[in-house]
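Take a look at the structure set out below.
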Protein chains: 2
Amino acid sequence: MENKTAVITLSALAQESRLTIYRTLVQAGPDGMAAGKISETTGIPPSSLSFHLKEMSYAGIVNSRQESRYIYYSANFKVMNELLAFLTENCCAGVPCGVETPCCEENA
Amino acid sequence: MENKTAVITLSALAQESRLTIYRTLVQAGPDGMAAGKISETTGIPPSSLSFHLKEMSYAGIVNSRQESRYIYYSANFKVMNELLAFLTENCCAGVPCGVETPCCEENA
DNA sequence: TCCATATTTCAAATATTATTGAAATATGGA
DNA sequence: TCCATATTTCAATAATATTTGAAATATGGA
C-alpha cells in the first residue's frame, strides 16, 4: 500500500458519519445491510448516506451488491487488513513484540 | 476508545503531510526526531509542520520532549494499538481467524 | 404499463482544514 | 546580556469536505 492510498483509506474512516457506518457494517457481518436500513439505523439521511457510501466504496473499505430493489453494503475486511499492515510496517524496527490484532481473514 | 476519539485519531493520520510525518517518526524509532530535522527530511515548511505536529499531539499519536533547544517528536505506539483494537473490534463477530498484526507493545 | 419504493444525483450553502511567510517566542551558548 | 538558532503563533488565503431537500433514476411487483 502506498502513502496516498493509505490516506484515502484513512480518510474514508476519519469522519463521524462514515466511522459509524463502517462499524454498523462490521456488526452486520458479511451479508451487509441495505442502504435504507443503514440510514434508519444510523439516523443519517439517505442523500448524506449515499454521499458517504460513495466515498467509502471509492476507498474500497466497503463492497456493495444489488439484490432486488435493495443495495447491500458490507465491510471489506481485506482492505482493512492491508491498512493495518501498512500502519504497523517497520514497527519496532523489526523487534518482535507481543501484541496480536486478529482480524477477519475469512471475510477478506 | 470511543467513536469520536477514533475519528480524531484517524484524522490525525488521514492527511498526506501527517502520514508522512508519522511514518518518518516510526522509522526514527523511540528516540524520535527533532522538529527541524523532520522538516528537512519531509520537505514540509516549519510553520506547516508545526501546525500538523500540534494536531498529531492533540490526537495523541505523537509524543514530544524538549532537549536543549530541540524538541523531539516520536510516534506513540500505545495509541496506535488502541486504534487498531477499536477498528477490529467485533470483527468476524467473534469467529477466530488467522491474521496477526504485530505491533510495538514495548514502545507503548 | 403503472405504481410504490429504494437509491442516487444535483446544487447551493455551510463548515472545516491546509498552507505558509512573517513575526513572535524560547533556549542555551559566548 | 546579546546573539544565533529552533520552534511556534498569527493571519489571511486557498482548498476541500459535509450537509440535505428536491429532483431524477432504477427496480420489481401488480
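Just so we're on the same page: letters track the sequence lines, and every chain starts at 1.
At a threshold of 4.5 Å between non-hydrogen side-chain atoms, the residues A:Asn3 and A:Phe86 count as touching. A:Leu25 has its side chain out of reach of A:Ile61: every pair of non-hydrogen atoms, C-beta onward, lies at least 4.5 Å apart. Between A:Ser57 and A:Val62, the closest side-chain pair of non-hydrogen atoms falls below 4.5 Å.
In this entry the distance linking OH of A:Tyr70 with P of C:dA4 reads 16 Å, nearest Å. The distance from atom CD1 of B:Ile44 to atom C1' of C:dT20 is 13 Å, rounded to the nearest whole Å. For B:Met56 and C:dT17, the CE to C1' distance is 15 Å, given to the nearest whole Å. Spacing between atom CG of A:Leu49 and atom P of D:dT18 amounts to 14 Å, rounded to whole angstrom units. What separates CD of B:Glu55 from C1' of C:dT17 is a distance of 8 Å, to the nearest Å. Going from atom CD of B:Glu67 over to atom P of C:dG29 covers 12 Å, rounded to whole Å. The distance between atom CD of A:Glu40 and atom C1' of C:dT7, rounded to the nearest whole Å, is 15 Å.
Phosphate contact (OP1/OP2 of D:dT7, side-chain N/O of B:Lys54, threshold under 4.0 Å): absent. Distances shown here put every side-chain N or O of A:Gln15 at or beyond 4.0 Å from the OP1 or OP2 atom of C:dT17. One finds a side-chain N or O of B:His52 lying less than 4.0 angstrom from the OP1 or OP2 phosphate oxygen of C:dT19.
Counting atom types as modelled, B:Ser68 pairs no side-chain N or O with a base atom of C:dG28 as donor and acceptor under 3.5 Å. One donor-acceptor pair, N or O on each side, does fall under 3.5 Å between the base of C:dA4 and the side chain of A:Arg69.
Under the side-chain contact (heavy atoms from CB on, under 4.5 Å) rule, A:Thr9 has a single partner from A:Met80, A:Met1, A:Glu82, which is A:Met1.
Taking a pair to require two hydrogen-bonding distances under 3.5 Å in either a Watson-Crick or a G-U wobble arrangement, D:dT7 pairs with C:dA24. For D:dA15, the paired base is C:dT16 (Watson-Crick or G-U wobble, both distances below 3.5 Å). Across every strand in view, D:dT1 sits in a pair with C:dA30 that passes the Watson-Crick or G-U test at under 3.5 angstrom.
For the residue pair A:Pro45 and A:Ser39, the shortest heavy atom distance occurs at C-OG, 4.0 Å.
Among the atoms of the strands shown, only primed sugar atoms or phosphate atoms (P, OP1, OP2) are found under 4.0 Å from some heavy atom of B:Pro45. Backbone-only contact: A:Tyr73 has heavy atoms under 4.0 Å from sugar-phosphate atoms and none from a base.
Two residues, A:Ser48 and B:Phe51, neighbour DNA chain D, and the one matched to the more 5' nucleotide by heavy-atom proximity is B:Phe51.
Comparing atom distances between the A:Ala34 side chain and each of D:dT20, D:dT27, C:dT7 picks out C:dT7 as nearest. Closest to the side chain of B:Ser17, out of C:dT19, D:dT18, D:dT8, is C:dT19. If you check D:dT18, C:dT20, C:dT9 against the side chain of B:Ser47, the one that comes closest is C:dT20.
Residues A:Ile44 and A:Phe51 do not share a hydrophobic cluster, defined by chaining ILVMFWY side chains whose heavy atoms lie under 4.5 Å apart.
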